[in-house]
Engineer: 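Following this message is one structure expressed as structure tokens.
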Amino acid sequence: MNRTAQIKALASETRMKILSLLAEPDTHFGAQWSADPVEFGVCMTLIAEAIGIAQPTASRHLDLLRQAGFITVQRHQKWSYCKRNEAEIDSYLSWLRQELSGVRKQPA
């Protein structure tokens with residue numbers, strides 16, 4: 001994964017808030033009726049409403065998170081649903097811990 005894209009994605013309070021909300025979709029988006037927010041993801045429209053921004057602005061933030069690999073997006077009928085990609089978030093956090101510790105893996 002492109003670490004530069006990931007760093008850029010996390011350099012926004014709005015995108016960090018989105019990831020935080022998506023960490024507990026049942027708590028923040030439990031009223032979503034169109035699909036189970038935990039199993040299927042959260043509708044982009046509801047994410048925009050939750051953080052108080054316009055849909056096009058939310059779409060741009062979500063696209064940057066998708067490009068970074070931190071979320072997956074799937075379409076269902078006329079809506080797009082977002083879900084955290086926990087494996088990629090864990091990979092990024094592991095890489096960041098390693099980078100900040102000053103200990104780097106040697107090439108094989």
Engineer: For V38, what are the other residues in its hydrophobic cluster, where any two members join if their side-chain heavy atoms are less than 4.5 angstrom apart?
Structural biologist: none
Engineer: Do L65 and F40 belong to the same hydrophobic cluster, where Ile, Leu, Val, Met, Phe, Trp and Tyr are linked whenever their side-chain heavy atoms lie under 4.5 Å apart, directly or via other members?
Structural biologist: no
Engineer: With sequence neighbours left out, write down each residue that passes ring-ring contact (aromatic ring centres under 6.0 Å, His included) with F29, or none if nothing qualifies.
Structural biologist: none
Engineer: Side-chain donor-acceptor pairs under 3.5 Å in residues 11-24, sequence neighbours left out?
Structural biologist:
| unit_1 | atom_1 | unit_2 | atom_2 | d |
| --- | --- | --- | --- | --- |
| S12 | OG | T14 | N | 3.2 |
| S12 | OG | R15 | N | 3.2 |
| R15 | NE | A9 | O | 2.8 |
| R15 | NH1 | H61 | ND1 | 2.9 |
| R15 | NH2 | K8 | O | 3.1 |

Engineer: Minimum heavy-atom separation for Q6 and A68, please, with both atom names.
Structural biologist: NE2-O, 3.0 Å
Engineer: Which pairs pass side chain to side chain donor-acceptor pair (under 3.5 Å) with one or both residues in residues 68-83, sequence neighbours excluded?
Structural biologist: S34-Y81, R75-S80
Engineer: Can you sort out the partners of Q32 under side-chain hydrogen bond (donor to acceptor under 3.5 Å, both in side chains), two or more places apart, ordered by chain and number?
Structural biologist: none
Engineer: Could you grab the distance from atom CG of L96 to atom OG of S101, nearest 0.5 Å is fine?
Structural biologist: 10.0 Å
Engineer: Please report the closest heavy-atom contact between E88 and F70, naming both atoms and the distance.
Structural biologist: O-CE2, 4.2 Å
Engineer: Quick one: side chains of residues 42-56, donor-acceptor pairs under 3.5 Å with protein atoms, not counting sequence neighbours, listed by atom name and distance.
Structural biologist:
| unit_1 | atom_1 | unit_2 | atom_2 | d |
| --- | --- | --- | --- | --- |
| T45 | OG1 | Q55 | OE1 | 3.4 |
| Q55 | NE2 | S59 | OG | 3.3 |

Engineer: Using a distance-only test with no angle check, is there a side-chain donor-acceptor pair under 3.5 angstrom linking D63 and Q67?
Structural biologist: yes
